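First comes the structure, then the notes that go with it.
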Amino acid sequence: MEYILTVMVLIGINVILATSFNLILGYGGLMSVAHPIFYAIGAYCSGLLAIHLQIPVPLSILMGAGIAMVLSFGVSLPSLRVSGDYLVIASIGFQLGILHVINNLEFTGAAGGLTNIPVLNEGPSRSLVFVLLIAVVAACAVMLVGWIVEGDYGRAITAMRNDEEAFSALGRNAMNIKIVLFAIGSGMAGLAGALYAHYFAYVTPEQFGIFTSAALLTMVVVGGAATTWGPLVGAVLLTTLPQAITFLGLPVSIMAPLQGVIYTTLVIFFLFARPQGLTGGTRGGGGLEAWSASAAFRARRDAE
Amino acid sequence: MSAIVRIEDLHKSFGGIVVADDVNLSFEAGEIVGLIGPNGAGKTSLFNLISGVIPPDAGSITLEGHRVDQLPMHHRARIGLARTWQNTRMFHSMSVIDNLLIATRRYPGESLARILFRRRSVDAFRQQATEKAMVLLERVGLADKMHEMAIELSYGQQKRIGLARALMSDAACLLLDEPMAGVEGQAYETIIRVIREEAQAGRAVCVVEHNISFIRDISDRTVFMFNGCVLASGSVDELTRDSQLTDLYFGGEHP
């Protein structure tokens with residue numbers, strides 16, 4: 001029972017992460033893969049604040065999310081100058097750079113990780129209460145993103161993603177939208193990280209690397225980029241799938257790389273066979289048009 | 001007449017290729033300027049320089065009295081500049097009406113805070129913009145297409161949507177890049193009428209077009225560009241009488 005509840009906590013965390021990543025990558029078309037670093041910033045900041053400054057855990061969680069929100073400038077500012085493939089590179093640099101710092105600082109626990117993080121709630125039904133809490137937060141995350149991308153603001157986001165130059169030439173400010181999308185998306189990732197830290201009481205730097213970027217990307221792509229329910233479906237599927245594989249009883253030497261193989265295979269399969277993802281419709285917004293945007297942009301440039 | 005746009009000593013080169021070589025031009029209110037020249041003469045580049053797609057190396061651009069050559073694109077657009085694109089550049093996952101709404105001067109969805117706290121003004125802005133968009137679609141003869149996806153219309157229809165989109169913001173200066181490409185039949189008359197009406201409303205209009213008879217029909221003044229230079233200015237007939245210019249246009253021997 002405890003195991004199932006723990007998996008459900010992970011599902012909830014991943015729903016928040018994938019949903020917020022979808023806001024940036026799917027809807028915004030902003031090719032940043034650094035999403036896990038804001039997850040890390042939320043987890044570490046909240047954990048450290050609670051450990052060293054004895055800040056009450058609920059407050060430290062909110063502060064962790066807030067710090068992640070502020071530090072999102074680290075990616076949103078480069079995104080004003082570079083886009084597409086170049087932003088991928090810049091965001092990887094940002095992610096690995098901060099991860100390197102965390103890996104080498106004494107007070108973050110270095111490579112060994114941060115331990116003894118105070119937990120949010122205790123008691124006999126602690127996991128059940130936490131699952132309910134995370135379900136509420138995840139539902140709010142899905143609804144918040146749904147609210148942002150519908151209506152007038154969503155129309156502007158779509159237009160910016162479709163053609164940023166034409167969008168700017170019509171007097172719209174793309175810079176504001178990028179900063180807002182990164183801030184909200186990263187703040188949500190920070191919140192997920194803080195919740196994680198105060199449930200498991202332990203985080204390590206390796207949880208927030210490129211592999212996690214790939215996992216989140218897979219969730220968004222498989223579920224359906226730029227759709228409301230896609231990241232949710234993707235997160236549920238790709239959190240439970242690796243757990244299911246552990247029951248196969250394969251040796252560790254096969255198990256470890258298997259996860260990466262599955263993610264890669266899924267992304268490639270969906271890219272070719274169903275770019276709109278599991279939940280995406282036949283047209284409009286969904287899927288991986290974002291990935292082809294920079295290529296289309298260059299082709300158009302060359303043509304003019 | 002007063003100059004809406006004044007370009008002085010504008011220079012831009014990409015490596016060895018000069019796309020604007022000390023260009024001096026001005027567009028007056030109510031005037032339609034035709035911009036002609038062979039491919040690669042720098043016509044679209046001039047539009048890109050004025051609208052801010054590319055920064056100039058030297059020189060100045062003044063729009064309604066404001067120095068704009070260092071300003072970002074959206075800033076220039078808000079001062080009073082609107083343009084269309086050679087290849088239409090529709091927002092491809094959006095409907096025709098949504099394409100137009102993006103271009104309105106007071107966009108309802110400019111910020112999330114406004115949507116959250118000033119519901120009523122947002123609704124009013126959307127209402128105004130929608131009405132304006134309908135009128136414009138009517139004027140370019142595509143009112144029945146408003147809910148279709150812009151990308152699914154024909155090239156000529158997209159050109160007309162692009163024109164309508166550029167008219168959404170009531171800009172003082174209109175830069176139209178080949179508005180006639182792909183446009184046939186009745187739509188030809190429609191576009192001429194719309195452009196004339198906009199000029200009569202006091203806007204400065206500059207049109208790049210390869211269709212010389214269209215330029216002759218519509219422009220008050222025609223400017224001939226070659227290799228980034230403004231070589232001559234006058235009526236189409238004056239320019240076409242100059243055998244040197246026609247040679248350059250049609251790729252004859254260089255002078």
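Nothing here was measured: the structure is a model prediction, and the numbers come from that model. The sequence lines fix the lettering, A, B, ..., with proteins before strands; numbering per chain opens at 1.
- Taken to the nearest 0.5 Å, the CZ atom of B/F91 stands 10.0 Å off from the OG1 atom of A/T158.
- Across all non-hydrogen atoms, the minimal contact from A/R155 to B/D98 is NE-OD1, 2.9 Å.
- Looking at B/I79, there are no atoms closer than 4.5 Å to chain A (heavy atoms on both sides), in backbone or side chain.
- Atom-to-atom distance recorded for B/I102:CD1 and A/N162:CG is 9.0 Å, nearest 0.5 angstrom.
- Interatomic distance, B/T104 OG1 to A/L170 CG, rounded to the nearest 0.5 Å: 10.5 Å.
- With a 4.5 angstrom heavy-atom cutoff, B/R76 does not touch chain A via any of its atoms.
- For A/F73, the CZ atom counts as loosely surrounded, since its 6.0 Å shell holds 12 or fewer non-hydrogen atoms of other residues, nucleotides or ligands.
- Taking OH of A/Y153 as the start and CD1 of B/I115 as the end, the distance is 8.0 Å to the nearest 0.5 Å.
- Residue contact with chain B, scored on non-hydrogen atoms closer than 4.5 Å, involves the side chain of A/I184 exclusively.
- Neither the backbone nor the side chain of B/S45 comes within contact range of chain A, judged by heavy atoms closer than 4.5 Å.
- A/W147 places a side-chain heavy atom less than 4.5 Å from the side chain of B/L116.
- Here the side chains of A/R161 and B/S93 are in contact, with some heavy-atom distance below 4.5 Å.
- Your options are A/A174, A/S168, A/A156, and the one with the most heavy-atom pairs under 4.5 Å with chain B is A/S168.
- Annotation for A/L77: atom CG counts as buried by contact number, over 12 foreign heavy atoms lying within 6.0 Å.
- Options B/A103, B/A77, B/A171, B/S169 differ in how many heavy-atom pairs under 4.5 Å they form with chain A, and the most are formed by B/A103.
- For A/N176, no part lies under 4.5 angstrom from a heavy atom of chain B.
- Residue B/R6 places its CZ atom among 12 or fewer non-hydrogen atoms of other residues, nucleotides or ligands, all under 6.0 Å distant.
- You'll find the side chain of B/R89 reaches within 4.5 Å of the side chain of A/E165, heavy atoms only.
- The main-chain N or O of A/D152 is never found under 3.5 Å from a side-chain atom of B/R126 such that the two would form a donor-acceptor pair.
- More than 12 heavy-atom neighbours from other residues, nucleotides or ligands sit within 6.0 angstrom of CD on B/E197.
- Enclosure of atom NE2 in B/H75 is not indicated, since only 12 or fewer non-hydrogen atoms of other residues, nucleotides or ligands lie within 6.0 angstrom.
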### Task
Would you check, one step at a time, whether the test side chain to side chain contact (heavy atoms under 4.5 Å, CB included) holds for B/E110 with A/R172?
CA-CA 8 Å; B/E110 200 69 62; A/R172 301 277 80 83; 3.2 Å; yes
